[in-house]
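Both backbone and side-chain heavy atoms feed into the values below; hydrogens, waters and symmetry mates do not. Nothing fancy with the numbering, it's 1 onward along the sequence.
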Amino acid sequence: MLISDKATIHESAVVGKDTRIEPGAVIYENCKIGNDCIIGANAVLRPGTHIGNKTIFGPLSISQGDVNIGNNTTISPQSHITMGMSIGSSVFIAPCVVTVNTPEITSAEHGTSKNKSVAVTIPPKIEDYVRIGTGVTVMPGIVIGHHSLIAARCILTKDVPPHSFVIGGKDQIGRIS
């Protein structure tokens, strides 16, 4: 294990064998990180983030918590993984990908307000062997089927069937043969 003395790791977090935690990373309570992983510089893993083996969680990326990420997956720098997501194994997420779990603007208060109402959340799901290009936004509740390819800068507003590719605006979905 190679853990930077400039990383902050909660005492309840479990870090697997031969995992590298780079400077500035912050790992909150109840996180589990598998073997042979890399947690990039200034990455943030909020409570309940679980990461499989041989996975890279890139610099300046954030997991909002209660997230499950499979084995052999790469989350590239500056990506936002929303609360409650499931990301499969052997997934590649390019830099600056944003996932969203709140389907509508509500009167729910954010932050640390006491007695606040709770916003409805519907996290997206990414199945195994998916490739997602730079700058993609995945909207609430969207499921990206296994073995799919999402081109850069797409905004996904509907589910992507397995073995599909998405290019351009307006969810232009094709089938991978």
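Residue M83 comes nearest to V67 through the heavy atom pair CA-CG2, 4.4 Å, listed as atom of the first residue, atom of the second, then distance. Residues A41 and E22 approach most closely at N-OE1, 3.0 Å, considering heavy atoms. K54 and C37 get closest at one heavy-atom pair: N-SG, 3.7 Å. The minimum heavy-atom distance between K17 and N35, with the atom names listed, is N-OD1, 2.7 Å. For G58 against A43, the heavy-atom pair with the smallest separation is O-CB, 3.6 Å. In this structure, S76 and P95 approach most closely via the heavy-atom pair CB-N, 3.3 Å.
Side-chain contact between S90 and D128 is absent, with no heavy atoms from C-beta onward closer than 4.5 Å. Between P124 and M85 there is a side-chain heavy-atom pair separated by less than 4.5 Å. In this structure, the side chains of T82 and T121 stay at 4.5 Å or more apart for every pair of heavy atoms. S12 has its side chain within reach of N30: a pair of non-hydrogen atoms, C-beta onward, lies under 4.5 Å apart. Considering only heavy atoms from C-beta on, I39 comes within 4.5 Å of I51 through its side chain. Within the 4.5 Å cutoff, the side chain of S4 has no heavy atoms near those of the I21 side chain. Taking the side chain as every heavy atom from C-beta outward, C31 and T49 approach each other to under 4.5 Å. Considering only heavy atoms from C-beta on, P140 comes within 4.5 Å of V100 through its side chain.
Between the side chain of D159 and the backbone N or O of V143 there is at least one donor-acceptor pair closer than 3.5 Å. No donor-acceptor distance shorter than 3.5 angstrom exists from the side chain of S63 to the backbone of L45, with no hydrogens or angles considered. Side-chain atoms of T99 come within 3.5 Å of backbone N or O of H80 as a donor-acceptor pair. Remark: the backbone N or O of C96 is not paired with any side-chain donor or acceptor of T134 at under 3.5 angstrom. In this structure, S61 contributes its side chain and S79 its backbone to a donor-acceptor pair below 3.5 Å.
Atom-to-atom distance recorded for L156:CG and I150:CD1 is 5.0 Å, nearest 0.5 angstrom. Here OG1 of T102 is found 9.5 Å from CE of M139. Values are rounded to the nearest 0.5 Å. Separation of atoms CD1 (I38) and CD1 (I33) is listed at 12.0 Å; rounding is to 0.5 Å. The distance from atom CD1 of I27 to atom CD1 of I9, rounded to the nearest 0.5 Å, is 4.5 Å. Atom OG1 of T55 sits about 5.5 Å away from atom CG of N71, to the nearest 0.5 Å. We find the CD1-CG distance between I81 and N68 to be 12.5 Å, quoted to the nearest 0.5 Å.
By the rule that hydrophobic residues join a cluster once side-chain heavy atoms approach within less than 4.5 Å of another member, L149 and I167 end up as members of one cluster. The hydrophobic clustering, which links ILVMFWY residues whose side-chain heavy atoms are closer than 4.5 Å, places V44 and F57 apart. Cluster membership check: V15 does not share its hydrophobic cluster with I56, using side-chain heavy-atom separations under 4.5 Å among Ile, Leu, Val, Met, Phe, Trp and Tyr. I132 and I62 are assigned to two separate hydrophobic clusters, defined by single-linkage of ILVMFWY side chains at heavy-atom distances under 4.5 Å. Taking hydrophobic clusters as Ile, Leu, Val, Met, Phe, Trp and Tyr residues chained together by side-chain heavy-atom distances below 4.5 Å, L60 does not share a cluster with V98.
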Show your reasoning for whether side-chain contact (heavy atoms from CB on, under 4.5 Å) applies to I126 and I93.
-> CA-CA 10 Å; I126 300 171; I93 296 177; 4.0 Å; yes
Between N53 and D36, does a side-chain contact (heavy atoms from CB on, under 4.5 Å) hold up when you go through it step by step?
-> CA-CA 6 Å; N53 298 318; D36 298 312; 5.9 Å; no
Might you work through the side-chain contact (heavy atoms from CB on, under 4.5 Å) test for I87 and I75, ending with a clear yes or no?
-> CA-CA 10 Å; I87 298 174; I75 311 289; 4.0 Å; yes
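With sequence neighbours excluded, the residues that form a ring pair (Phe, Tyr, Trp, His ring centres under 6.0 Å) with Y129 are H147. Remark: H146 engages H163 in a ring pair (Phe, Tyr, Trp, His ring centres under 6.0 Å) (not counting sequence neighbours).
Within the cation-pi definition used here (under 6.0 Å to the ring centroid, within 45° of the axis), R46 qualifies as a partner of Y28.
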